[in-house]
Amino acid sequence: MSVFQNAMRQLDTAAAVAKPDPSVLEALRHPKRILEVSFQVKMDDGSVRTFVGYRVQYDDSRGPFKGGVRFHQQTDLDEVKALSFWMAIKCAVVGVPFGGGKGGVTVDPKKLSSTELERLSRAYFRAIAPFVGENVDVPAPDVNTTPQIMAWFADEYARYASRQVPGVVTGKPLAVGGSKGRMSATGQGGLFVLDEHLKKEGTDPSSVTIAVQGFGNAGQHFARLAHERGYRIVAVSDSRGATVNPAGFDPQAIIEHKSRTGAVAGFVGGQDADPALILETDCRVIVPAALENQLTAENASRVKAKIVLELANGPTVPEADSIFTQHGVVVLPDVLSNAGGVAVSYFEWVQNRLGYYWGYDEVRQKLETLMKQAYADVRGEADANSVTLRQAAFALAVRRISEARAAKGWQ
Ligand code: NAD
């Protein structure tokens with residue numbers, strides 16, 4: 001089953017709860033616009049290569065399209081469509097005034113030099129520039145795209161528009177209009193959701209063990225902040241390996257080890273382990289923070305954790321969701337748990353438009369308020385309808401999107 005088909009099955013389950021007007025449901029089955037671009041990049045050896053990229057503008061009922069750009073060798077249109085749909089749902093769940101969009105380039109950026117990466121990033125953005133804009137569609141980072149790449153995007157757009165428009169892209173470095181707290185926002189937002197959930201359960205962080213799959217932007221910041229908060233991180237993995245320590249380790253030391261060696265494996269404070277088994281670690285919480293389709297019908301019943309905190313987008317396929325429900329495993333869904341990234345992207349966009357920048361504490365406080373409210377809204381919807389948190393989040397989002405469409409006379 002494709003990633004987009006899985007996303008549409010999630011929509012169907014939500015529709016059974018939200019009961020939207022059929023015209024809204026039909027509209028939400030189709031992206032509003034799909035852009036496929038090809039562009040040429042001069043490589044360091046003088047050869048010229050052609051790359052294919054996408055930008056999917058899924059829904060703009062609630063505001064401009066919004067969503068990251070992924071550089072990955074497996075990125076294709078199906079994946080970008082699913083990710084853009086999830087962005088529309090996510091922005092509605094946390095109540096930021098955006099619709100959903102997503103972009104991607106089919107490329108393994110690890111095989112490019114830094115100058116090739118810059119030329120590719122600029123060429124992709126030149127190709128999509130006529131279709132984006134701070135009031136139209138606002139890209140951001142995702143897998144393998146960094147603040148540096150966002151700075152190249154924004155600079156390329158400034159050349160295209162003949163003026164500076166920092167609000168056309170979020171996740172930029174602070175030096176060119178980024179927001180304090182954006183780098184750690186996805187991890188921090190996920191931690192607020194976990195805190196709220198455990199507060200409801202009356203659990204103390206120090207008794208909670210956590211395994212994290214994926215040690216990039218989302219996974220690293222989450223692990224570091226969760227450790228500071230008193231949680232015990234017992235396993236982490238990346239695409240090359242894994243390290244475990246049942247007594248818990250300090251993620252900051254693993255971050256330093258990874259930045260020195262390029263991998264989490266070989267960390268002296270832990271034992272190397274099979275990354276394919278990380279989600280089956282004996283612990284209380286697992287945090288998929290890498291890619292989609294990681295929890296499937298094949299491995300879901302071997303999961304020992306009681307809570308899945310989804311920092312990645314789409315890590316759990318619908319069959320695994322059903323198994324978790326049967327086994328009493330609570331899934332804190334991606335459209336809520338990883339929404340801290342888009343929330344602080346929204347704050348960055350506001351600051352860019354104001355031309356006035358907030359301090360770190362102000363951003364963190366605003367993020368906390370927003371994430372706690374979103375958790376409370378989703379929890380309330382789940383309790384009222386006796387459904388899972390994922391069904392509740394999707395139902396809430398579909399209702400909010402419906403309200404916007406009705407207000408505009410689109411239905
Ligand atoms: P990233 O490129 O910074 O990091 C990805 C990490 O996943 C890397 O450590 C990589 O080694 C690891 N990885 C890849 N394949 C793996 C595998 N098979 N097993 C274990 N690890 C693997 O990307 P990111 O920005 O942290 O994004 C990770 C996930 O979080 C994605 O699903 C993304 O869509 C989602 N997300 C990110 C943000 C954000 O603000 N960056 C916001 C919301 C959601």
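Each ligand, and each atom within it, is numbered from 1 in the order the structure gives. Reckoned from all heavy atoms, side chains included, excluding hydrogens, waters and symmetry mates. If you read the sequence from its start, that first residue is 1, and numbering goes on from there.
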| Looking only at heavy atoms, is any part of R70 under 4.0 Å from ligand 1, and if so is it the side chain, the backbone, or both, or is it neither? |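 The part of R70 near ligand 1 is the side chain, not the backbone.
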| Can you tell me the protein heavy atom closest to atom 31 (C) of ligand 1 and the distance? |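 Its nearest protein heavy-atom neighbour is A290 O, 3.1 Å.
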| Is P141 close to ligand 1, meaning an N/O of one under 3.5 Å from an N/O of the other? | no
| request: Look only at interatomic distance and state if A218 has a nitrogen or oxygen under 3.5 Å from any nitrogen or oxygen of ligand 1. | output: yes
| With no hydrogens and no angle check, is any side-chain donor or acceptor of S84 less than 3.5 Å from a backbone partner on G100? |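 No.
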| field | For atom 2 (O) of ligand 1, closest protein heavy-atom neighbour | value |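 Nearest protein contact, heavy atoms only, for atom 2 (O) of ligand 1 is N144 N, 2.8 Å.
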| query | L194 versus F192: any side-chain heavy-atom pair under 4.5 Å? | reply | no
| said: Quick check on contacts: which atoms of ligand 1 are under 4.0 angstrom from a heavy atom of S237? | reply: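 Going through ligand 1 atom by atom, the ones under 4.0 Å from S237 are 20 (C).
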| Heavy atom of the protein closest to atom 6 (C) of ligand 1 (residue, atom name, distance) |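 Closest protein heavy atom to atom 6 (C) of ligand 1: G216 N, 3.7 Å.
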| message | Give the atom numbers and elements of ligand 1 that come within less than 4.0 Å of a heavy atom of D238. | response |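 Selected atoms, number and element: 9 (O), 11 (O), 19 (N), 20 (C), 21 (N), 22 (C).
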| At under 4.0 Å between heavy atoms, which part of A289 makes contact with ligand 1: side chain, backbone, both or neither? | backbone
| request: Mind telling me whether F85 and F394 have parallel, tilted or perpendicular rings, with 30° and 60° as the class edges? | output: tilted
| task | Using a cut-off of 6.0 Å, state whether more than 12 heavy atoms not belonging to K42 lie near its atom NZ. | result |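 Incorrect, the count does not exceed 12.
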| task | State, without any angle test, whether N338 and K90 hold a side-chain donor-acceptor pair at a distance under 3.5 Å. | result | yes
| message | Below the 3.5 angstrom mark, is there an N/O of Q294, backbone or side chain, next to an N/O of ligand 1? | response | no
| said: Between R232 (side chain only) and P246 (backbone N and O only), is there a donor and an acceptor less than 3.5 Å apart? | reply: yes
| Whether over 12 other heavy atoms sit under 6.0 Å from Q271 CD |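 Result for CD/Q271: open.
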| task | May I ask you to check whether K110 has an N/O atom sitting below 3.5 Å from an N/O atom of ligand 1? | result |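 Among all N and O atoms of K110, none is under 3.5 Å from an N or O of ligand 1.
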| query | Purely on distance, is any nitrogen or oxygen of K90 under 3.5 Å from one on ligand 1? | reply |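 By distance alone, the answer is no.
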| Hey, does the side chain of R400 reach the backbone of A92 with a donor-acceptor pair shorter than 3.5 angstrom? | yes
| field | Aromatic ring pairing F153/F125, orientation class (parallel under 30°, perpendicular over 60°, tilted between) | value |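 Rings of F153 and F125: parallel, as their planes differ by under 30°.
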| What residue and atom, counting heavy atoms only, is the protein's closest point to atom 39 (C) of ligand 1, and at what distance? | T186 OG1, 3.3 Å
| Salt-bridge criterion met for D195 and K372 (N-O under 4.0 Å) | no
| said: Give me the atom names and distance for the closest heavy-atom approach of L295 to V308. | reply: CD1-CG1, 3.9 Å
| Any N or O on K102 sitting closer than 3.5 Å to an N or O of ligand 1? | no
| request: For atom 27 (O) of ligand 1, grab the closest protein heavy atom and report residue, atom and distance to one decimal in Å. | output: V143 CG2, 3.7 Å
| Shortest protein contact, atom 35 (C) of ligand 1 (heavy atom only) | L311 O, 3.5 Å
| Should you measure from each heavy atom of R182, which atoms of ligand 1 turn up under 4.0 Å away? |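 Contacts of ligand 1 toward R182, numbered from 1: 40 (O).
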| query | Among V212, V236, N217, which residue places a heavy atom closest to atom 41 (N) of ligand 1? | reply |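 Considering heavy atoms of V212, V236, N217, the nearest to atom 41 (N) of ligand 1 sits in N217.
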| Identity and distance of the protein heavy atom lying nearest atom 34 (O) of ligand 1 |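 Protein heavy atom at minimum distance: D142 OD1, 2.6 Å.
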| query | Within a strict 4.5 Å, meaning less than it, do heavy atoms of the R33 and F131 side chains meet? | reply | yes
| field | Minimum-distance protein heavy atom relative to atom 43 (C) of ligand 1 | value |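 Among all protein heavy atoms, the one nearest atom 43 (C) of ligand 1 is N338 O, 3.5 Å.
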| request: Pick, from G314, S239, A312, S337, the option with the minimum heavy-atom distance to atom 11 (O) of ligand 1. | output: S239
| message | Suppose I only count heavy atoms of L291 and a 4.0 Å limit; which atoms of ligand 1 are within that range? | response |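 Those of ligand 1 that fall under 4.0 Å from L291 are 15 (N).
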| remark: ligand 1 to Q213, heavy atom cutoff 4.0 Å, flagged ligand atoms 19 (N), 20 (C)
| Can you list the ligand 1 atoms lying under 4.0 Å from a non-hydrogen atom of G214? |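 Answer, ordered by atom number: 7 (O), 12 (C), 21 (N).
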| K81 to F4, cation-pi by 6.0 Å centre distance and 45° axis angle |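 That pair qualifies as a cation-pi contact.
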| request: Would you please indicate yes or no on a ring centroid separation below 6.0 angstrom for W86 and Y58? | output: no
